[in-house]
Each structure stands twice: as C-alpha cells, then as structure tokens.
Amino acid sequence: MSKLISELAAICGPEYVSDKLVDRVCHTRDCGPSPGGLPTVIVRPRTTEQVCAIVRLANRERTPIFVWGRSSTFIGHGIREGCILLALDLMNRIEKVDFANQTVTVQTGAIWHAVDVELGKRGWELHVPGSGGMFVCTVGGSVAYNSVPHGLAEYGMTGEGVVALEVVLPYGEVIYTGSAANRASADLGFERYANGPDLAGLFIGSCGVFGIITKVTYRIRQRPEAERFAFYGFDSVDTAVDAAQALQRRQVPTHLVQVFGGQKPLGVEGQAFLHLIIRDSRAAADERLAAGHSICAAFNGVRLDEKATERYWVNHMYSWLRNTPPEVYYSDRPYTCPEASAFIPTQRVKDAIRYLLNYEVEHAEEFARYGIRIKCYDVYYSRNAAFLWIDTLYPELDLEAWQYGLKMRADYSEYLWSHYGSPGGILAPLAPHIMPKLGAGYELMKMLKRTLDPNNILNPGILGLGDPSPGPSPDRGGEREEVGR
Ligand SMILES: Cc1cc2nc3c(=O)[nH]c(=O)nc-3n(C[C@H](O)[C@H](O)[C@H](O)COP(=O)(O)OP(=O)(O)OC[C@H]3O[C@@H](n4cnc5c(N)ncnc54)[C@H](O)[C@@H]3O)c2cc1C
C-alpha cells in the first residue's frame, strides 16, 4: 500500500479508501461525453474534519483532488489522471430543519430529492424542486454547479436558495458565509447577505475550484396549496416566444417550458409549444392560470391537453413535455447528449431556433451518416430571460459519431456566445471556449485561484483556471486523448 493511501486510510478508516481498479474506472467521468483520467484512489470522508485533513495531505503531497458529488452533470468533468477522488456520498445527513427561520441545513452529499421528501412529510419543500437530475444529484454538487432547476420562472436558479455555506478552502481552512460567520450561534445561519461581501456567491457555480462545500443551509417553504397546468400549441415559433415574454411580464408561471424542433408532441398541430406550471394558494393559482389562458389566446395559442404538462411535472416524465411515450426516445444502442445550453435574452430565442433548424438542414448528410438524433430543443424561461437546452444525441459507442457530437457542441457554443448567450455550468470541455472570452473577469478568477490554491490542488482543469484538463478539447474537433483508458 502506498504512503498516500495508508495516510488516507488513517484519516477516514481503511474501509472508506479504495484503489481497486474497478472503483477507479467507475469514477472517471460524469454523464457527459468527455473521458477523464483514472484517479489513483477514491476516498469517502464522513466529516468536515476529515475533508480538511485530506486537503492538507493533498497539498503536502502535491496530489490534485477531484470533488465528486454524484457526477450527474452532462458536460464533462475532465477528471485528472492520478488524482485523489473525494467522493462526498457519505456526507449525506440532514443536520437541522429550522421551521422558524425557514431553512434546512444538510451535509453536502445529501441527495436533493431525498431532502425534499423528508421536508414533504411536514408539508414543506426546498426553495427549488431541483434540476431534472434531482433523484441523483447532491445538494452540494448542485450548488457548486448552480444547476438550472425546475420552477426557474418564479424561484430562480439553485444558488438563489442558498442562505449559508460551510466551505473547506483549498489549503484546508474552514469558512462560514453570511450570518453563519458569527459562530456565537452554533447554527449555519439565517441570512446570506450579512457580514460584508456575499462569499457564498464565490462558491456557487464555481464547480469546486475555490473550495469544497461541506454543508449547505438552504431556504425552505411550506408547500403551496395548489398546482395548475396548461399546455398550448402555436403555429409559429416567434408567436410562442412573444407569448412567453408576455407571460414573463405578468409573472404568470412558476415554471414555463417551450418545446420546439425534434419529436413533435403526438397528435397535435403546431410549430412550438408552451407548458405552464403555476403553484400558489388556490385562489391565486386560479387567477394566474386565467391570466395565462388569456395571454396564450391573445397570441392565437391553441389549448391542448394539460395532462401532458402534469405528467412532466408530477411524474418527472420528460417525454411528456411532448406528450410522447418514453419508448420513442429509446433505441437498441446507447445515445449520449453532448449538451450545449445557454442563457439568452427571451427575444433571441427566435434567432436561435432558426439557427438550430437551419443547422439540421445544412448538416443533414452528416446527421444521417452518424445517426444523430434531435431529442429536443427546450427553453426554460426564467423571470426575464431564457435558458436554451440543445439536446442533440449521438451514438455513444461510435467513435466518429462521438467526435461529430463534440464538434456540434463546439459549433452550438460558438453560436450562442456570439449571439448574447452565456452558458450556465462550465466544466472542463467548455472552458477553452468560454473562459478566455470573459476578459478581465477571467483574469480575476485566475488570480483568485492562484491565491486560494497556490498548489493547484482542487479540481485543476475545471473552468480552465488551473492546468488544462486531460479530456478532449472541442477546439480540436473532440480529438480523443488516450488518457487513463
Ligand atoms: C436525468 C438528469 C437530468 C438533469 N437535468 C438537469 C437540469 O434540468 N438542469 C441542470 O442544471 N442540470 C441537470 N442535470 C445535471 C445535474 O443534475 C446537475 O448538474 C447536478 O446538480 C450536479 O450534481 P452532482 O451532485 O451530481 O454534482 P457533480 O456532477 O458531482 O459535480 C458538479 C461540479 O461541482 C463539483 N462539486 C461537486 N460537489 C461539490 C462540493 N460539495 N463542493 C465543491 N464542488 C463540488 C464537481 O467537482 C463538479 O465540478 C441533469 C442530470 C440528470 C442525470
């Protein structure tokens, strides 16, 4: 046993450390298309103190750490060859539900939906219902990535529910953000914007490059009395976007999804579709629904069967976004989604849709050759803008199709950036596309990284702030590097 592994075993206990090949291979990548490197060892701490000790050891040994929530992101982590893989799945306790201050404090590795289910037993819920990955993703990972959640139009991004964080910095010190920094109370806090600058914001969306989130205090609310659903078809994409903007202005929906392209909803006419989900007291929900109906009607929307919307929301059946049975999406071989996505101004959705539909036409020959499928183009509307998902799938086991999938993602990302788009999560493969374009903001982030993490220990390669990742770069057309494979 190497010295590193025996020291990790001394910190966490030997049963929580593994250098078995099978475990290491199973921790090389997320749900996205990029292969990562093979970690040297997997370690599963249970306490913040153990995380601190591991970080100090990694600094001493100059061995990078990769922080692993449940690895449910789709973009590609770029896990470093030879790293210590810090798996946070055992740090999953709900530490305190504070109904008086409307917060819950959890260890970072708690699964989003599991926390929501516990709160639901008392008639409460987390501030956002979670992303589509809510059944697998951790609270800490979702905050670190700042996932785009359901309920975006009313509740905002995942990070907006954060009240306070406990974070282990890259040199092994622990900090508490907001009011939690006052340790006179043993709790994690009740107000984010206390004690000066919003330090929680530094870690939200930073994908673990500045610190390891070990606890999260998050807003909770009583479950609303009523949920209402509406589903509308429009004969043009532009009209659907105009209707969506009118709905945003009146703050009608809790969640507003536009579907276009790809598989059309079964048995309905139209070019673009809007799903409206409204959550509120009964009276207010009815009033908002009535406003939604009149706005959609004013834009010549055709009212469709809202059961499709309800199945999507209540049963989490994505296929019901388009009123389509799940088997339509499955085939005899695995497909992967090299997801490209971005925030764009609402009106820009019109141009983006034209671009995507043209892209399909212009690349019809390659799409046919590589068996590319369009699962969907969806838009989650926020309060004032739009988050566009481009889910173009390629057959996972075909190397040429895989490279083509990454090229498509690079094309889409370039288009979105040059048309006011800004991606949500940025992991290793998107970083070379996006980060240098941030100019002085990127330089500031690099400066912060160098200051907080002089040994470049924590998630190097992610966000392009440390060394380049071992994964493939879309700039090279997704050329595969034989790293750890
Ligand atoms: C079926 C499905 C549907 C999905 N739908 C959506 C969706 O609607 N919207 C959306 O945004 N995403 C979606 N996702 C992606 C995914 O759910 C989220 O990105 C998720 O929030 C990531 O959580 P995780 O625990 O798996 O984090 P990971 O993937 O493990 O980590 C994400 C990043 O944060 C870092 N990290 C993890 N934990 C910590 C920590 N404690 N401290 C510091 N850094 C950390 C990691 O190193 C990595 O860089 C979906 C995924 C699936 C499988």
Side-chain angles (χ1 to χ4, degrees), residues 27 29-32 34 36 39 45 48 51 55 64-80 83 85-89 91-92 106-115 128-152 157-159 162 165-170 200 202-216 255 257 312 316-319 321 329 336-337 339 341-343 375-376 378-380 387-389 391 423-431 458-463 465-466 469:
H27 287 85
R29 62 183 282 192
D30 64 1
C31 301
S34 312
T48 302
V51 173
V55 169
I65 287 176
F66 181 81
V67 189
W68 177 281
R70 286 291 171 124
S71 220
S72 66
T73 37
F74 279 112
I75 300 176
H77 281 324
I79 291 171
R80 176 59 57 94
C83 68
L85 193 133
L86 187 77
L88 294 165
D89 57 319
M91 293 182 66
N92 60 7
V106 299
Q107 277 190 306
T108 189
I111 299 294
W112 197 280
H113 191 64
V115 178
V128 298
S131 73
M134 64 182 85
F135 297 110
V136 286
C137 65
T138 65
V139 175
S142 302
V143 169
Y145 182 66
N146 203 8
S147 58
V148 180
H150 294 177
L152 183 66
M157 290 288 280
T158 295
V162 170
L165 300 175
E166 177 191 84
V167 181
V168 175
L169 295 174
L202 181 62
F203 304 101
I204 296 169
S206 68
C207 291
V209 293
F210 297 134
I212 302 167
I213 298 168
T214 41
K215 281 183 198 168
V216 179
H255 196 52
V257 187
Y312 155 69
H316 307 289
M317 286 189 65
Y318 280 96
S319 60
L321 273 173
Y329 297 103
T336 292
C337 173
E339 188 171 280
S341 54
F343 286 103
K375 188 179 104 202
C376 56
D378 294 344
V379 182
Y380 282 12
F387 193 81
L388 170 66
W389 306 96
D391 285 354
I426 300 175
L427 294 177
L430 281 188
L458 214 51
N459 278 7
I462 296 222
L463 292 186
L465 298 185
S469 86

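Counting convention: from 1, in listed order, for ligands and their atoms alike.
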Proximal atoms of ligand 1 relative to Ile213 (non-hydrogen, under 4.0 Å): 40 (C), 41 (N), 42 (N), 43 (C)
Any Gly211 heavy atom less than 4.0 Å to ligand 1: yes
Nearest-contact summary for atom 44 (N) of ligand 1 - protein heavy atom, Å: Gly208 CA, 3.2 Å
Main-chain N/O of Glu166 paired with Thr214 side-chain donor or acceptor, under 3.5 Å: yes
Heavy atom of the protein closest to atom 21 (O) of ligand 1 (residue, atom name, distance): Ser142 OG, 2.8 Å
Close N or O approach (Asn459, ligand 1; < 3.5 Å): yes
4.0 Å heavy-atom contact, Phe135 with ligand 1: no
Option with minimal heavy-atom separation from atom 16 (C) of ligand 1, where the choices are Gly133, Ser147, Ser72, Gly69: Ser72
Best match, Leu165, Val67, Thr138: closest heavy atom to atom 40 (C) of ligand 1: Val67
Contact atoms of ligand 1, heavy-atom distance to Arg70 under 4.0 Å: 24 (P), 25 (O), 26 (O), 30 (O)
Nearest option to atom 9 (N) of ligand 1, as decided by whichever heavy atom of Val51, Val148, Leu152 sits closest: Val148
From Ile204 atom CD1 to Tyr145 atom OH, the distance as rounded to the nearest 0.5 Å: 15.0 Å
Under the salt bridge (Lys or Arg N to Asp or Glu O under 4.0 Å) test, residues paired with Asp378 that sit two or more places apart: Arg322
Side-chain donor/acceptor of Thr138 to backbone N/O of Gly69, under 3.5 Å: no
Parallel, tilted or perpendicular: rings of Tyr312 and His255 (30°, 60°): parallel
Ring geometry between His150 and His316 (parallel below 30°, tilted from 30 to 60°, perpendicular above 60°): parallel
Shortest protein contact, atom 23 (O) of ligand 1 (heavy atom only): Cys137 CB, 3.2 Å
Contact (N/O only, under 3.5 Å) between Gly132 and ligand 1: yes
Close-contact set for ligand 1 against Thr108 heavy atoms, below 4.0 Å: 41 (N)
Numbered atoms of ligand 1 (with element) below 4.0 Å of Ile462, judged on heavy atoms: 49 (O)
Contact check, Phe66 vs ligand 1, heavy-atom distance below 4.0 Å: yes
Residue, atom name and distance, where the atom is the protein heavy atom closest to atom 27 (O) of ligand 1: Gly141 CA, 3.6 Å
Which of the ligand 1 atoms, numbered from 1, are nearer than 4.0 Å to a heavy atom of Leu88: 40 (C), 41 (N)
Set of side chain to side chain donor-acceptor pair (under 3.5 Å) partners for Thr336, sequence neighbours left out: Glu396
Identity and distance of the protein heavy atom lying nearest atom 34 (O) of ligand 1: Ala144 CB, 3.6 Å
